[in-house]
Number of protein chains: 2
Amino acid sequence: MADDGDGERIALLRFVERFALTLREAGLAPMPARVLAYALADDADRYTAGDLARGLGVSPAAISGAVRYLVQVGFFVREREPGTRSDLYVLDDQDLWSRFVSAELTSLDRFVQAIDSGVEVLGVERPGGRRLAETRDFMAFLRVEMTGVLARWPAERARLAADRGEVTSRRSG
Amino acid sequence: MADDGDGERIALLRFVERFALTLREAGLAPMPARVLAYALADDADRYTAGDLARGLGVSPAAISGAVRYLVQVGFFVREREPGTRSDLYVLDDQDLWSRFVSAELTSLDRFVQAIDSGVEVLGVERPGGRRLAETRDFMAFLRVEMTGVLARWPAERARLAADRGEVTSRRSG
DNA sequence: AAGAACATTCACAACATCGTGAAGGGTGTG
DNA sequence: CACACCCTTCACGATGTTGTGAATGTTCTT
């Protein structure tokens, strides 16, 4: 039975690495990616820095920077249990990925802004300027649409939860 | 007047660097980012590898890998003028950024797939598995919504073009 | 009040990545 | 048929990044 636990542990860590790789492709740094993947996949709902270090088998130093980033971006919320001398990192289940996409929106804004300044300098008369203007328009469009998508998520989320709650084994519509 | 040309050239290259930086944040490698930014911002609608190398002031070797990537992703289309011995790279104006987002969709698919395998291994009964399942659901939702957004773009694009075409100096309404 | 446990910061070594320069193919031209 | 041109590939130096280990500071226990 101890073997079962170990096996699951290994499976979990393997998955964490795989998932972290995907997160890295999405723009996260390696260690934040690992920490986030681990915190999501393991069963606790709050972790100390030490938990994360031991769980992942990495040095506490590596955790420090990772959690700082994850808190800043909004994946983690830093908490403190009274009478404990270590911070607790709990992932903000509710808006977790909405936050992530919101951050992307900011990035989109920078995009639009950067291109806009280029259009100003080059002028829309030239072919290059025209292309840039179209690119900017698309990014702006995307930004608006994404906002709408985010707004629709809570309802969809509730719908999914309701479906799961009402009939667990239903297969079709 | 030669100074004007040089000044514009410098301004263009400065913008290219700035824009390329934003593109890198969006996931592109440095050189592809520069090449794409330059091809968009400069006035030609087709470039040889040599054009890009000279225009950016980098070695032809650096261009080679960049255009290969950009062609693969769909930003560039490789063409060949009869009687010429150099390939021409022309940016596919029409679907340029739609393609880009489409690529992101594929990335989202990998996301969903990676998480899904994790859910299988860990099971949805455990808190970790449940969290993963919710993450997967969000990503899947995002994927569907993004497809819709892309579908809406052509109409919006046409609308913007019509607005610009009909009245150039209109400010409101 | 001294000590222990914990997290953070800093400097460093390992690692990966990037772009250049030189060498190598393939294709028209004289 | 040799040459010139252009692009590609390869190996290397430079640069940036990552994660560890040691040192530091801080907070609770004894």
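Just so we're on the same page: letters track the sequence lines, and every chain starts at 1. Only a predicted model underlies this, so the values are computations on that prediction, with no experimental measurement involved.
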query = Under a 4.0 Å heavy-atom cut-off, which of residues 11-24 of chain A touch DNA chain D?
reply = none

Any A:Arg34 side-chain N or O less than 4.0 Å from OP1/OP2 of D:dG19 = yes

inquiry  = Rounding to an integer number of Å, can you tell me how far B:Asp87 CG sits from D:dT8 C1'?
reply    = 11 Å

key: Toward the 5' end of DNA chain D, by each residue's nearest nucleotide, A:Val58 or A:Arg80   = A:Val58

message = Could you walk me through whether A:Arg131 and B:Asp45 satisfy the side chain to side chain contact (heavy atoms under 4.5 Å, CB included) test, starting with their C-alpha distance in whole Å, then the side-chain angles of each, then the deciding distance to 0.1 Å, before giving a yes or no?
response = CA-CA 10 Å; A:Arg131 272 196 297 260; B:Asp45 63 339; 4.2 Å; yes

note = Smallest heavy-atom separation, B:Phe111 atom then A:Leu23 atom, equals CZ-CD2, 3.5 Å

task = Would you indicate which nucleotide in C:dC18, C:dT20, C:dT8 comes nearest to any side-chain atom of B:Ala29?
result = C:dC18

note = B:Leu52 CG to D:dT8 C1', in whole Å, measures 15 Å

inquiry  = Using the side-chain heavy atoms of B:Met31, tell me which of these nucleotides is nearest: D:dC7, C:dT20, D:dT8.
reply    = C:dT20

inquiry  = Salt bridge check, B:Arg46 against B:Asp87: does any charged N sit closer than 4.0 Å to a carboxylate O?
reply    = no

ask   = Rounded to whole angstroms, how far apart are CD1 on B:Ile63 and C1' on D:dC7?
value = 11 Å

ask   = Does A:Leu21 belong to the same Ile/Leu/Val/Met/Phe/Trp/Tyr cluster as A:Leu28, with side-chain heavy atoms less than 4.5 Å apart forming each link?
value = no

request  = Side chain of B:Ala61 only, please: which of D:dT9, C:dC18, D:dT20 is the nearest?
outcome  = D:dT9

ask   = What nucleotide among C:dT20, D:dT18, D:dC7 has an atom nearest to a side-chain atom of A:Pro30?
value = D:dT18

Integer-rounded Å distance: C:dA7 P and A:Asp51 CG = 8 Å

request  = Classify the ring geometry between A:Phe141 and B:Trp153 as parallel (under 30°), tilted (30 to 60°) or perpendicular (over 60°).
outcome  = tilted

key: Selection from C:dT8, D:dT20, D:dT8 that lies nearest to any side-chain heavy atom of A:Ala62   = D:dT20

inquiry  = According to a hydrophobic-cluster definition based on side-chain heavy atoms being under 4.5 Å apart (Ile, Leu, Val, Met, Phe, Trp, Tyr only), do B:Val35 and B:Leu88 belong together?
reply    = no

inquiry  = Once you apply a heavy-atom cut-off of 4.0 Å, does A:Tyr89 come out as touching a base, just sugar-phosphate, or nothing?
reply    = sugar-phosphate

request  = Answer yes or no: does a side-chain N or O of B:Arg85 lie under 4.0 Å from OP1 or OP2 of C:dT29?
outcome  = no

ask   = Tell me: CG of B:Leu88 to C1' of D:dC6, nearest whole Å?
value = 13 Å

query = Looking only at heavy atoms, which two atoms of A:Thr48 and A:Ser86 are closest? And how far apart?
reply = CG2-OG, 3.9 Å

request  = Check every atom of C:dA7, D:dG19, D:dT8 against the side chain of A:Ser86 and return the nucleotide holding the closest atom.
outcome  = C:dA7

request  = Assign A:Arg54 to base, sugar-phosphate, or nothing according to its heavy-atom contacts below 4.0 angstrom with the strands shown.
outcome  = nothing

query = Of all the choices, D:dC7, C:dA7, D:dT9, which nucleotide is nearest to the side chain of B:Arg68 once you look at every atom?
reply = D:dT9

task = Verify the distance criterion only: is there a donor paired with an acceptor across the side chains of A:Thr22 and A:Arg18 at less than 3.5 Å?
result = no

inquiry  = Rounded to whole Å, how long is the line connecting atom CZ of A:Phe76 with atom P of C:dA7?
reply    = 14 Å

